2 protein chains.
Amino acid sequence: MSEKTTIYDIAKALNITAATVSRALNNNPKISQATKKLVLETAAKMNYKQNKLALALKSGRSNTVGVIVPYIDRNFFSSIIRGIEEELYPLGYHVIICQTHEEEGTEIDNINALLNAQVDGILMSVSKHTTQLDHFDHVLKKGVPLVFFDRKKDIKGVSTVTIDDFEGGYTATKHLIEQGCKRIAHLSGDRSLEIYKHRYEGYKKALEDFGLKVNKDHVVQCKNDIAAGHKAIDKFMKLDHRPDAIFSSSDFLALGAIQQLKKNGIKIPEEFCVVGFSNEPFTKFMELSISSVDQSPVLMGNTAAKVFLEQVKDSNVKIEKKVVLSPKLKIRKSSSRS
Amino acid sequence: MSEKTTIYDIAKALNITAATVSRALNNNPKISQATKKLVLETAAKMNYKQNKLALALKSGRSNTVGVIVPYIDRNFFSSIIRGIEEELYPLGYHVIICQTHEEEGTEIDNINALLNAQVDGILMSVSKHTTQLDHFDHVLKKGVPLVFFDRKKDIKGVSTVTIDDFEGGYTATKHLIEQGCKRIAHLSGDRSLEIYKHRYEGYKKALEDFGLKVNKDHVVQCKNDIAAGHKAIDKFMKLDHRPDAIFSSSDFLALGAIQQLKKNGIKIPEEFCVVGFSNEPFTKFMELSISSVDQSPVLMGNTAAKVFLEQVKDSNVKIEKKVVLSPKLKIRKSSSRS
DNA sequence: TTGTAAGCGTTATCAT
DNA sequence: ATGATAACGCTTACAA
């Protein structure tokens, strides 16, 4: 069954040596055209396939990169992976994927497993609950290029690809102000994560720049799900001074908020505007489509892959590159008054 | 920098031989507790990491599987991959992913690349445009387990994990009939693909069973996108005998249809019911949530992984397993009259 | 209990 | 232009 043809089989069949076969296969100049042709033909005939494992062991390069994300079935992450794969596959790289489930322990496991697998690089988005940094140093010490995308930690020698979350928050908030909203609330994820902190800061700055005050009651930190969006609105409804718009750092929160606003009979966008973040597919499919900040995940994946390639090109030169992509606000019905 | 510790380094440090180190590391019984402890300690101290590549080359097993899908950022597929990863990772397997972009040529490339990488198995969903089967035989001839999920070809020796598309079509159509719909149309993808053919057949059978006739004008074969849904409705509107429901073999088609029905002022579900297929995330988020047939992709991934594991357990026994999962109809507003 | 040595499939450095 | 051989890091008979 398992007919594995090696260069030795070809060599034997041709009464030459494996070295010659290898040379023929790798179009090494030191070989006659005649034998080269012969080798190529018999190789095809015997259905020879190069064993990349042996090559990897020999060369020390596996032509494989590891990608670590919290969950692979989240659109944002799978789109990034798509971007990475499409950039790297044509160059002969394989992409191994791991999920952390947002757990630090699993993240550490993943990294170790990938190092064991001798990957040529690790591209990852840091888990929400990661506090230690030892495992990253570990990677660097082994000389394996490490690239963070979206969620990063500040570590010397590690390149990052992120979007400008501050700008995203600023642009979204500015847009709401321009729609005539005066009391703009903010729903955010855990602000110990940089991305949420920056979105919040962008929001604050926009309010400031346009002479609006930040109302503490209007800033809510919560989980990234629909139910949390409901709860946030319930809370707002009890306020004397209710908001008339929300900039949400998550589309799911935004969706939950919209659902609950409707339940309270509030008209969107006439009485209340909402902008989300991430441009999840569903935001544009809704009848009341939701404005959202797009993070161009595929481009982020492409870019992360390119940064990795630069890194690997000059392994002697230590490159630390910080690429910041611009987010794009997608204006839809949930915030279009004009 | 690149401090790669091997068992030889440990051996040297301890004045013993690499074989002994290996034994200690693999808790081989033939070793004294003393040296074993010593080895383990120094291994930890020297930060030893086993090189899986060397192991793979030696053992002939890479502990890696390849997964091939059309696009990784389609929710259905990324969920399957999640299911595969979660089943296989705890057993020490890595998952390499490839995208075909629905092209046969790329599919063949992917398979060859994975074989070169010495994967222990290939789990895949066949590309829409695949007509040749040689590359699959190729895999089998190498003795590499092959498992198809969702989109399959009938090949001897290949296990498959699918859902019962006939049942999905039947259940959805029956549900529409029970809602009182009398003129149920069907939007389908390319029926040269088994999955769409079976959904169509389930639809037909349900109509038959309940004494309804199939109206040829009500069966449309088209692309799986929103625009095609619009067009289908436009066509239906010109008919004398208009349908009063749609069973669509795609959620995107269903969404397009709903959008266009609304444009025509038709009330859903009162005047017209719609059921889609795949249970895309957006279907349940819509204000007018869309009924859909769920394919339980994570379970499908889990199952595909398990089937692979059985295959690999007894590599001498040729197992050909056909697992068919039951689809679950999710009834939502777009078809809830009661 | 430990050491020796072969082998997994390549490529690269020598010779020839 | 080709052959012989070592090396990549590991496991595993076989010997001691």
Side-chain angles (χ1 to χ4, degrees), chain A residues 2-40 42-43 46-64 92 115-120 142-144, chain B residues 2-40 42-43 46-64 92 115-120 142-144:
Chain A
S2 198
E3 48 149 77
K4 307 261 179 193
T5 311
T6 73
I7 51 173
Y8 280 91
D9 299 325
I10 301 177
K12 202 175 295 170
L14 261 47
N15 253 325
I16 54 177
T17 177
T20 310
V21 175
S22 174
R23 279 187 279 257
L25 260 21
N26 296 289
N27 39 336
N28 188 309
K30 298 160 176 271
I31 194 166
S32 77
Q33 289 305 311
T35 44
K36 180 169 175 178
K37 194 177 165 225
L38 209 56
V39 169
L40 258 31
T42 40
M46 298 179 74
N47 191 24
Y48 167 77
K49 292 269 156 70
Q50 188 190 45
N51 184 332
K52 295 281 182 192
L53 241 44
L55 179 57
L57 180 60
K58 179 80 173 78
S59 68
R61 310 182 65 253
S62 64
N63 276 287
T64 296
L115 289 178
N116 288 173
Q118 309 296 117
V119 292
D120 293 341
K142 288 248 175 196
V144 175
Chain B
S2 199
E3 48 150 77
K4 306 261 179 193
T5 311
T6 73
I7 52 173
Y8 282 91
D9 299 326
I10 301 177
K12 203 175 294 170
L14 260 47
N15 253 325
I16 56 177
T17 179
T20 310
V21 176
S22 173
R23 280 188 278 259
L25 260 20
N26 295 290
N27 38 337
N28 188 310
K30 299 159 176 270
I31 195 167
S32 76
Q33 289 305 311
T35 44
K36 181 170 176 177
K37 194 176 164 225
L38 208 57
V39 168
L40 258 30
T42 41
M46 297 178 75
N47 191 24
Y48 169 76
K49 293 269 155 71
Q50 187 190 45
N51 184 332
K52 295 281 182 191
L53 242 43
L55 177 57
L57 182 59
K58 179 81 174 88
S59 66
R61 310 181 64 253
S62 64
N63 277 289
T64 296
L115 289 178
N116 288 172
Q118 309 296 116
V119 293
D120 293 341
K142 289 247 175 197
V144 176

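Naming convention: chains lettered A, B, ... in sequence-line order (proteins, then strands); numbering from 1 in each chain. Computed from a prediction, not measured in an experiment: that's the story for all the values here. Just the heavy atoms: all of them, side chains too, but no hydrogens, waters or symmetry mates, feed the values below.
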A.B. asks: Please examine the side chains of A:T64 and B:T64, heavy atoms only from C-beta on, and report whether any two atoms are closer than 4.5 Å.
C.D. replies: no
A.B. asks: Between P on D:dG9 and NZ on A:K142, what's the gap in Å once rounded to a whole number?
C.D. replies: 11 Å
A.B. asks: Which comes earlier along DNA chain C counting from the 5' end, the contact point of B:K36 or that of B:A54, where each point is its nearest nucleotide?
C.D. replies: B:K36
A.B. asks: For A:T6, report the nucleic acid contact type (base, sugar-phosphate, nothing); a contact means any heavy atom under 4.0 Å.
C.D. replies: sugar-phosphate
A.B. asks: Counting only side-chain N and O atoms of A:Q50, is one of them less than 4.0 Å from OP1 or OP2 of C:dT11?
C.D. replies: yes
A.B. asks: Let's see if you can work this out: which of C:dT10, D:dG9, C:dT2 has an atom nearest to the side-chain heavy atoms of B:T35?
C.D. replies: C:dT2
A.B. asks: Using a cut-off of 4.0 Å on non-hydrogen atoms, how would the nucleic acid contact of B:L53 be classed: base, sugar-phosphate, or nothing?
C.D. replies: nothing
A.B. asks: What's A:K49 touching, base or sugar-phosphate or nothing? Going by heavy atoms closer than 4.0 Å.
C.D. replies: sugar-phosphate
A.B. asks: Within the 4.5 Å heavy-atom criterion, are B:N51 and A:L57 side-chain neighbours or not?
C.D. replies: yes
A.B. asks: Rounded to whole angstroms, how far apart are CD1 on B:I16 and P on C:dT4?
C.D. replies: 12 Å
A.B. asks: Report which part of the nucleic acid B:I31 touches: base, sugar-phosphate, or nothing (heavy-atom distance under 4.0 Å, all strands).
C.D. replies: sugar-phosphate
A.B. asks: I'd like to know if the side chain of B:N26 and the backbone of B:N28 have a donor-acceptor N/O pair within less than 3.5 Å.
C.D. replies: no
A.B. asks: Scan A:L14, A:L38, A:I31, A:I10 and name whichever one has a side-chain contact (heavy atoms from CB on, under 4.5 Å) with A:T20.
C.D. replies: A:I31
A.B. asks: Indicate whether OP1 or OP2 belonging to D:dA4 is found under 4.0 Å from a side-chain N or O atom of A:Y8.
C.D. replies: no
A.B. asks: What distance do A:K142 atom NZ and A:L115 atom CG have between them, rounded to the nearest 0.5 Å?
C.D. replies: 6.5 Å
A.B. asks: Rounded at 0.5 Å granularity, tell me how far NZ in B:K4 sits from CG in B:N47.
C.D. replies: 11.0 Å
A.B. asks: With side chains defined as the heavy atoms from C-beta onward, is the minimum distance between B:N63 and B:K52 less than 4.5 Å?
C.D. replies: no
A.B. asks: Rounded to the nearest 0.5 Å, what's the gap from CG on B:L53 to CD on B:Q118? Could you check?
C.D. replies: 10.5 Å
A.B. asks: Starting at CG of A:N63 and ending at C1' of D:dC8, how long is that distance when rounded to a whole Å?
C.D. replies: 15 Å
A.B. asks: Do A:L25 and A:L40 touch side chain to side chain, with heavy atoms closer than 4.5 Å?
C.D. replies: yes
A.B. asks: Give A:S32 one of three labels, base, sugar-phosphate or nothing, depending on what nucleic acid heavy atoms sit under 4.0 Å from its own.
C.D. replies: sugar-phosphate
A.B. asks: Calculate the interatomic distance between B:N27 atom CG and D:dT12 atom P; express it in whole Å.
C.D. replies: 12 Å
A.B. asks: Counting the atoms with a prime plus P, OP1 and OP2 as sugar-phosphate, which does B:L55 contact under 4.0 Å by heavy atoms, base, sugar-phosphate, or nothing?
C.D. replies: sugar-phosphate
A.B. asks: What are the atom names and distances for every N/O pair under 3.5 Å that joins the protein to nucleotides 12-16 of chain C?
C.D. replies:
none

A.B. asks: When you measure from the side chain of B:L57, which nucleotide among C:dC8, D:dT2, C:dG3 comes out closest?
C.D. replies: C:dC8
A.B. asks: In terms of side-chain heavy atoms of A:N51, which of D:dT2, C:dT10, D:dT11 is nearest?
C.D. replies: C:dT10
A.B. asks: Round to the nearest Å and state the distance from B:L14 atom CG to C:dG3 atom P.
C.D. replies: 10 Å
A.B. asks: Quickly work out the A:N26 CG to C:dG9 P distance and round it to whole Å.
C.D. replies: 17 Å
A.B. asks: Mind calculating the distance between CD1 (A:I7) and C1' (C:dC8) to the nearest angstrom?
C.D. replies: 12 Å
A.B. asks: Roughly how many Å is it from CD in A:Q118 to P in C:dT10, rounded to a whole number?
C.D. replies: 19 Å
A.B. asks: If I compare all heavy atoms of A:A18 with all of A:A11, which pair ends up nearest, and what's the gap?
C.D. replies: N-CB, 3.6 Å
A.B. asks: How bent is the helix from C:dT1-D:dA16 to C:dT16-D:dA1, comparing axes over its five end pairs at each side, to the nearest 10°?
C.D. replies: 50°
